[in-house]
Amino acid sequence: MTPPIVAVDTVSGRIHLVRGQRVMLDADLAELYGVSTKVFNQAIKRNIERFPADFMFQLSAAEFEILRGQLGTSSGWGGRRYRPYAFTEQGVAMLSSVLRSPRAVQVNIEIMRAFVRLREMLQANAELAKKLASLEKKYDAQFRVVFDAIRELMAAPVKSTKRIGFRAERP
């Protein structure tokens with residue numbers, strides 16, 4: 001079996017949560033498909049009837065600024081000058097009818113696998129939370145510390161922003 005063109009982990013890192021939905025941005029999709037964002041968006045606009053609002057939407061200015069801050073994207077010259085389009089899982093699936101190159105087909109398969117894997121991970125975490133709640137009800141307060149520690153481990157890690165550069169110590 002030949003290795004995939006794009007690794008599922010690479011795709012998973014490009015799935016963002018916007019408006020309560022898991023989406024991929026047009027620039028990330030274009031890069032995965034091996035085309036420029038301009039060419040990618042032109043193909044979408046030629047087939048816009050295939051992409052209703054629940055398949056694709058353009059980020060608001062506020063959403064774009066928040067996402068730009070999270071991704072570390074340039075905000076000055078050389079950066080993106082228009083708001084990106086976000087594609088839901090259904091929108092990404094619809095891309096297979098618009099982009100028909102062999103690479104596009106393989107990339108689409110890997111993207112669908114990434115969405116499925118993400119959904120499975122979220123489901124497993126929800127099931128674990130339910131089991132933990134039932135165990136907590138079953139046992140008394142002496143295990144509360146253990147349950148709190150497990151819950152803390154289940155929570156998403158908090159990214160700390162450390163300052164980079166030289167810091168002189170003061171006497």
Is there a side-chain contact between [X] and [Y] in this structure, where contact means two heavy atoms from C-beta onward sitting under 4.5 Å apart?
X: Gln21; Y: Glu89; result: no
X: Gln90; Y: Asp54; result: no
X: Val23; Y: Ile15; result: no
X: Ile44; Y: Asp26; result: no
X: Met24; Y: Leu32; result: yes
X: Leu59; Y: Ile66; result: no
X: Ile111; Y: Arg14; result: no
X: Thr88; Y: Arg22; result: no

Could you list the residues that satisfy side-chain hydrogen bond (donor to acceptor under 3.5 Å, both in side chains) with [X], not counting sequence neighbours?
X: Glu63; result: Arg19, Ser60
X: Tyr33; result: Asn108
X: Gln58; result: none
X: Arg83; result: none

Taking side chain to side chain contact (heavy atoms under 4.5 Å, CB included) as the test, write out the residues that go with [X], two or more places apart.
X: Val98; answer: Ala43, Asn47, Arg50, Phe51
X: Ala93; answer: Met112
X: Lys38; answer: Ser36, Gln42

Problem - Rounded distance (nearest 0.5 Å) linking atom OG1 of Thr37 with atom OH of Tyr85 - result: 12.5 Å
Problem - Pairwise distance CZ(Arg46) to CG(Asn41) - rounded to 0.5 angstrom - result: 11.0 Å
Practice task
Treat each ILVMFWY residue as a node, draw an edge where side-chain heavy atoms are under 4.5 Å apart, and state whether Val39 and Val92 are in one component.
Solution key: yes
Exercise for the section: Give a yes or no on whether Ile48 and Tyr82 share a hydrophobic cluster (residues Ile, Leu, Val, Met, Phe, Trp, Tyr; joining criterion: side-chain heavy atoms under 4.5 Å apart). Expected result: no
Exercise for the section: State which residues pass ring pair (Phe, Tyr, Trp, His ring centres under 6.0 Å) with Phe40; sequence neighbours excluded, sorted by chain then number. Expected result: Phe87
